Visitor: 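Got a structure for you, written out below as structure tokens; questions coming shortly.
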Amino acid sequence: MPAPIYILNGPNLNRLGRREPEIYGHTTLAEVEVLCRDAAGDWPMEFRQSNSESELIGWIHEATDNGAGMIINPAAFTFYSMAIMDALKMFPGPLIEFHISNIHRREKIYHNSLVSGVATAVIAGLGAQGYRVAVSELLRLIRKD
Ligand code: CA2
């Protein structure tokens, strides 16, 4: 059994599909999990969401010890959490920073990600369906296809 991939989602993403659909669409986080599992096939996956910085950091440490790769949508923590950035620096495998919206097309406060400098790749602006792209590209990086 290969090591799992971790898909971690930050604050407020549990409300996905219920607020600001013009920016984030109508897909719920439960539906995002289904499409991620569909894209991963048999590859084991830990799909999680938390509103707590501390819990996310604990999961990043867990992934650092056990994970083959990671996709993280750090939501608002993207822009100010040095603690999450420091934890991600220790992750040894491929790491994809993911955003549903194109953060660079939005207001200035969304432009300076602390995570991009420690990520392998960044995906932003493909909507919730972009998680599917992130999973298949993460697996390609892990398999070194
Ligand atoms: O586009 C993304 O995925 C974001 O990471 C979402 C964050 C925002 O702070 C980032 O800049 C871009 C906000 C997530 C807020 O969660 C919502 C959930 C449901 C509806 C609206 C927002």
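Ligands are counted one by one from 1 in listed order, and the atoms in each one are counted from 1 as well. If you're wondering where the values come from, they're calculated on a predicted model, not measured in any experiment.
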Visitor: Checking side-chain polar atoms at under 3.5 Å, does E53 have a donor or acceptor matched by the opposite partner on N51?
Guide: no

Visitor: Hey, is I100 touching ligand 1 through its side chain, its backbone, both or neither, going by heavy atoms under 4.0 Å?
Guide: both

Visitor: Counting only nitrogen or oxygen atoms and a 3.5 angstrom limit, does H99 reach ligand 1?
Guide: yes

Visitor: If you compare all heavy atoms of A76 against all heavy atoms of P11, which two are closest, and at what distance to 0.1 Å?
Guide: N-CG, 4.4 Å

Visitor: Considering only the protein, which heavy-atom contact is closest to atom 18 (C) of ligand 1, and what is its distance?
Guide: N12 O, 3.1 Å

Visitor: Considering only protein heavy atoms, which is closest to atom 21 (C) of ligand 1, and at what distance to one decimal place?
Guide: Y24 CD1, 3.2 Å

Visitor: Between the side chains of R15 and E20, is the shortest nitrogen-to-carboxylate-oxygen separation below 4.0 Å, so that they form an ion pair?
Guide: no

Visitor: Evaluating non-hydrogen atoms only, which member of R106, E107, R19 is closest to atom 20 (C) of ligand 1?
Guide: R19

Visitor: Using atom types as modelled and distance alone, determine if a side-chain donor or acceptor of E97 lies under 3.5 Å from a backbone N or O of A121.
Guide: no

Visitor: Mark up the atoms of ligand 1 that fall under 4.0 Å of a heavy atom belonging to L16, in ascending order.
Guide: 18 (C), 19 (C)

Visitor: Any idea which part of N73 is under 4.0 Å from ligand 1, heavy-atom wise: side chain, backbone, both or neither?
Guide: side chain

Visitor: Going from CH2 on W59 to CG on N66, what distance comes out if it is rounded to the nearest 0.5 angstrom?
Guide: 14.5 Å

Visitor: State the atoms of ligand 1, each with its element, that fall below the 4.0 Å cut-off from a heavy-atom position in A75.
Guide: 5 (O), 7 (C), 9 (O)

Visitor: I'd like to check which ligand 1 atoms, numbered from 1 as shown, lie under 4.0 Å from a non-hydrogen atom of E20.
Guide: 21 (C)

Visitor: Any luck finding a side-chain donor-acceptor pair between R106 and S101 under 3.5 Å?
Guide: yes

Visitor: What residue and atom, counting heavy atoms only, is the protein's closest point to atom 11 (O) of ligand 1, and at what distance?
Guide: Y110 CD2, 2.9 Å

Visitor: A side-chain contact here means heavy atoms from C-beta on lying under 4.5 Å apart; do Y6 and I60 qualify?
Guide: no

Visitor: Give the residue, atom name and distance (to 0.1 Å) of the protein heavy atom nearest atom 10 (C) of ligand 1.
Guide: F79 CE1, 3.8 Å

Visitor: Shortest non-hydrogen contact from A134 to I96?
Guide: O-CD1, 3.5 Å

Visitor: Can you figure out which of S101, A76, G10 has its heavy atom closest to atom 9 (O) of ligand 1?
Guide: A76

Visitor: Would you call the rings of Y110 and F79 parallel, tilted or perpendicular, where under 30° means parallel and over 60° means perpendicular?
Guide: perpendicular

Visitor: Using a strict 4.0 Å cut-off to heavy atoms of I103, name the atoms of ligand 1 that fall inside it.
Guide: 11 (O), 12 (C)

